[in-house]
Structure formats: C-alpha cells, structure tokens
Amino acid sequence: MSPDPVPRVLGQPWVELDVVESTNLEARRLAREGCPEGAVVLAARQTGGKGRLGRAWFSPPGNLYLSVVLRPPLPPAQAPQISLMAGVALAETIAAVAPGAQARVKWPNDLWLGGRKLAGVLAELETTAEGALAFIILGIGVNLVTPAGGFPAELREIATSLQAELGQAPPRGACARALVRVLERWYNMWLRDGFERVRAAWEVCSITRGLPVAVRSAGELLLGVEQGIEPDGALRLRRPDGAVVRVLAGDLEWRRG
Ligand code: BT5
C-alpha cells in the first residue's frame, strides 16, 4: 500500500436527488465525466436499485441510498477490501445514529441486525485501458423506515430496517452525513496504514466468526468454519478436513450443525 499523506475529503460535491434509477449509475456517470474524488450521490428512492451479480435492491422511499466516487491510488486487486471497509464503517455509523443497535457484518458485503439484513454494499470498479484503477463507486443501501410488513414477500424473512428493529429510525440526511464522515475516517486510515486495522475491526464485528458456514463461490459450495479475514481481504475458511482455504468472492450462508 503506497503511503498517502494527503487526507481525502468525502462529500464534495454532495448531490441529492429525489428519484434515480440507481445512485451507483448516477455516480458512475459523474465519475466518467471527471468529477473529483469524494463526490456523493444521495437519493430518496431508486427505481432500479442494484445488488451484486445483477440482483435487485428493494428501494422504496425513505431509506438510505448513497454512492461515493473513490479514486484510491491502488492496484485493482486491493479494491475488494473496500467493501469490508464500508461494512466496518456502516456498523460504526449505525451504533452512533441508533444507540442500542448492535449491527454485525456478514461477509462479504452485508450488515445484519436482529438476524436479518439491514444494509448492503455494492462496490463497482472501473479500470483504465492500461488496467489501472480509474475509480470505484461505493454504493450503500440502508433500510431505515420500511416496516416489517413493508418488504415484498420474498424479503420478509430476510430483511429488516431500523424502524422494524427499534421502533424508530434517525432521519435519512443525518444518517447519510454521519456515514460519510465515518467512511472518510476509515478510508484515510486504510490508505495511510493499510488493511490491517480494517481487517481487525471487521473480525470483531463478524456475525459468523467461528461458526459453520457454507460459501457459494464460482459455482462451488464450500463448507467450513469462518476463521476471519486474510491480510489481503480474502475470507478464511477451515474445511471439515482441517485444511484452511481462502475465498475471494461469493455468497455466505449459515449452515446447521
Ligand atoms: C447487496 O447486494 O447487498 C448490495 C446492495 C447495494 C444497494 C445500494 S443502494 C445505493 C447503491 N445504488 C444501487 O443501485 N445499489 C447500491 P447482494 O449481496 O447481491 O444482495 C442482494 C440481495 O439482498 C437480493 O437478492 C435480496 O435477496 C436482498 N435484498 C434486496 N433488497 C433488499 C433490501 N432493501 N434489504 C435487505 N435485503 C435486500
């Protein structure tokens, strides 16, 4: 990681929109037009909110839909660490804006509360023709006000919001500002000191630490016990035969027994 003594400032410019297809698409458009690092796009709702791998993100009015343009001076291989960094920043933000809420990270990009998914992170990177990192769009969705019964049937058992868990939710704008400030601190720490502090904080906050999990990765189902995060951001899994393997991308599920 190259030392970077110049602190990065996030949140300038700050673009607030009522409705957008996806804040990630809007932020990517700005990035391609050459906007400065730190540009934030915040929307009141999305008509085509995106998850990973072409999945949809349910985006009714009132929740948090935010994307930040980042231009870290790093090789693309280090980019996946940014989702983990965002997870740590999200957990810290939720603890600050909703005292009493103990949100936990779930590999690779979820935030869970009360046994359900409260927030998700979608980091999309674009490279130059030479293969260098041009920019990363860090997109974050947090369910603030959707009541338990307000999620579509297929999400009702797996999704939650601060309103559903705590009976109230902090205002969207205050949440967004708090999140960007916390993100800025973790981002600068990551650029200056490397991934280690993010890794350590992520492990403390992991909802599956030491538990049996199943990870779907590249068409394979890997069973094992979650053993934390490797120094480069890969998930460490102890297989039933004792071998420890690294998983770089995939989806993690709990496993019974
Ligand atoms: C994610 O994908 O969790 C990343 C979500 C990122 C959303 C933000 S909102 C701002 C920015 N702009 C965008 O267009 N996107 C980002 P993934 O790990 O693939 O999880 C997607 C899965 O989560 C879906 O297939 C559903 O099962 C579930 N899901 C969908 N909407 C949800 C919601 N609102 N709350 C909880 N779970 C949801």
Side-chain angles (χ1 to χ4, degrees), residues 10 14-31 39-70 80 82-87 89-91 93-94 103-126 135-165 169 172 175-176 179-180 183 207-208 213 215-217 235 247-254:
L10 307 187
W14 182 280
V15 179
E16 278 199 46
L17 302 163
D18 182 32
V19 57
V20 76
E21 179 181 350
S22 152
T23 55
N24 265 37
L25 287 177
E26 190 60 25
R28 184 195 297 173
R29 197 181 59 71
L30 294 177
V40 164
V41 177
L42 179 69
R45 69 184 169 102
Q46 303 184 113
T47 56
K50 303 190 291 176
R52 292 175 302 143
L53 306 169
R55 297 175 193 136
W57 185 254
F58 176 61
S59 306
N63 296 325
L64 187 80
Y65 312 107
L66 179 143
S67 298
V68 193
V69 177
L70 300 175
I82 209 141
S83 293
L84 303 172
M85 185 204 75
L90 255 176
T93 304
I94 297 301
R104 315 291 295 270
V105 290
K106 177 170 162 290
W107 187 86
N109 67 326
D110 288 3
L111 193 74
W112 281 50
L113 184 62
R116 291 186 166 84
K117 182 162 170 170
L118 177 74
V121 175
L122 175 65
E124 298 181 293
L125 70 97
E126 198 156 294
F135 58 80
I136 297 176
I137 305 300
L138 179 62
I140 297 175
V142 185
N143 300 321
L144 296 177
V145 297
T146 305
F151 289 100
E154 70 276 13
L155 293 181
R156 223 157 272 168
E157 294 303 314
I158 58 172
T160 194
S161 68
L162 286 180
Q163 175 69 42
E165 294 300 321
R172 195 170 62 87
C175 267
L179 176 58
V180 169
L183 261 180
I207 198 168
T208 56
V213 296
V215 179
R216 272 178 215 288
S217 178
L235 182 74
V247 192
L248 273 165
D251 284 302
L252 183 148
E253 298 162 10
W254 269 274

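One-based numbering, in listed order, for ligands and for the atoms of each. Values below: every heavy atom of this structure, side chains too, minus hydrogens, waters and symmetry copies. Nothing here was measured: the structure is a model prediction, and the numbers come from that model. Index from 1, following the sequence.
- Here is the list of ligand 1 atoms found below 4.0 Å of a heavy atom in R55: 17 (P), 18 (O), 19 (O), 21 (C), 25 (O).
- Between I140 atom CD1 and L64 atom CG the span is 8.0 Å, to the nearest 0.5 Å.
- Looking at D251, L252, V213, I207 one by one, the single match for side-chain contact (heavy atoms from CB on, under 4.5 Å) with W107 turns out to be L252.
- Between Y65 and ligand 1, no N or O atom pair is found at a separation short of 3.5 Å.
- In N143, the part holding a heavy atom less than 4.0 Å from any atom of ligand 1 is the side chain.
- No more than 12 heavy-atom neighbours from other residues, nucleotides or ligands sit within 6.0 angstrom of CZ on R45.
- One N or O on the side chain of S217 and one on the backbone of A249 form a donor-acceptor pair closer than 3.5 Å.
- Residue contacts with ligand 1 for R52 involve both N, CA, C or O and side-chain atoms from C-beta outward (heavy atoms, distance under 4.0 Å).
- Residue-level proximity to ligand 1 for L66 is carried by the backbone, the only part with a heavy atom below 4.0 angstrom.
- In this structure, A119 has no heavy atom closer than 4.0 Å to ligand 1.
- Atom numbering of ligand 1 starts at 1 in the shown order; those under 4.0 Å from a heavy atom of V121 are 4 (C).
- Using a 4.0 Å cutoff on heavy atoms, I158 counts as a contact of ligand 1.
- Side-chain N/O atoms of N63 and T146 include a donor and acceptor closer than 3.5 Å.
- The part of Q46 lying near ligand 1 is the side chain, judged by heavy-atom distances below 4.0 Å.
- With a 4.0 Å cut-off on non-hydrogen atoms, I140 touches ligand 1 through its backbone and not its side chain.
- Between F58 and ligand 1, an N or O atom pair is found at a separation short of 3.5 Å.
- Distances below 4.0 Å separate heavy atoms of K50 from the following atoms of ligand 1: 5 (C), 6 (C), 7 (C), 13 (C), 14 (O), 15 (N), 16 (C).
- For ligand 1, the atoms sitting less than 4.0 Å from at least one non-hydrogen atom of G49 are 14 (O), numbered in the order shown with element in parentheses.
- In this structure, CZ on F58 lies 8.5 Å from CD on E154, to the nearest 0.5 angstrom.
- Atoms of ligand 1 found under 4.0 Å from any heavy atom of T23 (numbered from 1 in listed order, with element): 10 (C), 11 (C), 12 (N).
- With hydrogens and angles disregarded, no donor-acceptor distance shorter than 3.5 Å links the side chain of R104 to the backbone of T208.
- Annotation: the span from E16 atom CD to R172 atom CZ amounts to 6.0 Å, rounded to 0.5 Å.
- Between the Y65 side chain and the P60 main chain, a donor and an acceptor come within less than 3.5 Å of each other.
- The nearest heavy-atom contact from the protein to atom 24 (C) of ligand 1 is A56 O, 3.7 Å.
- For atom 37 (N) of ligand 1, the nearest non-hydrogen atom of the protein is W57 CZ3, 3.7 Å.
- Taken from CH2 in W57 to CG in L155, the straight-line distance is 8.5 Å, to the nearest 0.5 Å.
- Summary of contacts: the protein heavy atom closest to atom 23 (O) of ligand 1 is K117 NZ, 3.6 Å.
- One N or O on the side chain of R156 and one on the backbone of F151 form a donor-acceptor pair closer than 3.5 Å.
- Residue L155 touches ligand 1 through its side chain alone, judged by heavy-atom distances below 4.0 Å.
- With L25, L64, N109 as candidates, the residue nearest to atom 1 (C) of ligand 1 on a non-hydrogen basis is N109.
- Annotation: atom 8 (C) of ligand 1 to nearest protein heavy atom, G141 N, 3.5 Å.
- Looking at D251 next to ligand 1, no N or O pair under 3.5 Å apart turns up.
- Contact annotation: the side chain of N109 never approaches that of L122 to less than 4.5 Å [non-hydrogen atoms, C-beta and beyond].
- Under 3.5 Å, the side chains of S67 and T23 contain a donor-acceptor pair of N or O atoms.
- Proximity of a side-chain donor or acceptor of R116 to a complementary backbone N or O of E157 within less than 3.5 Å is detected.
- Every atom of ligand 1 is numbered from 1 in the order shown, and the set under 4.0 Å from a heavy atom of A159 is 35 (N), 36 (C), 37 (N).
- No part of S59 comes within 4.0 Å of ligand 1, judged by heavy-atom distances.
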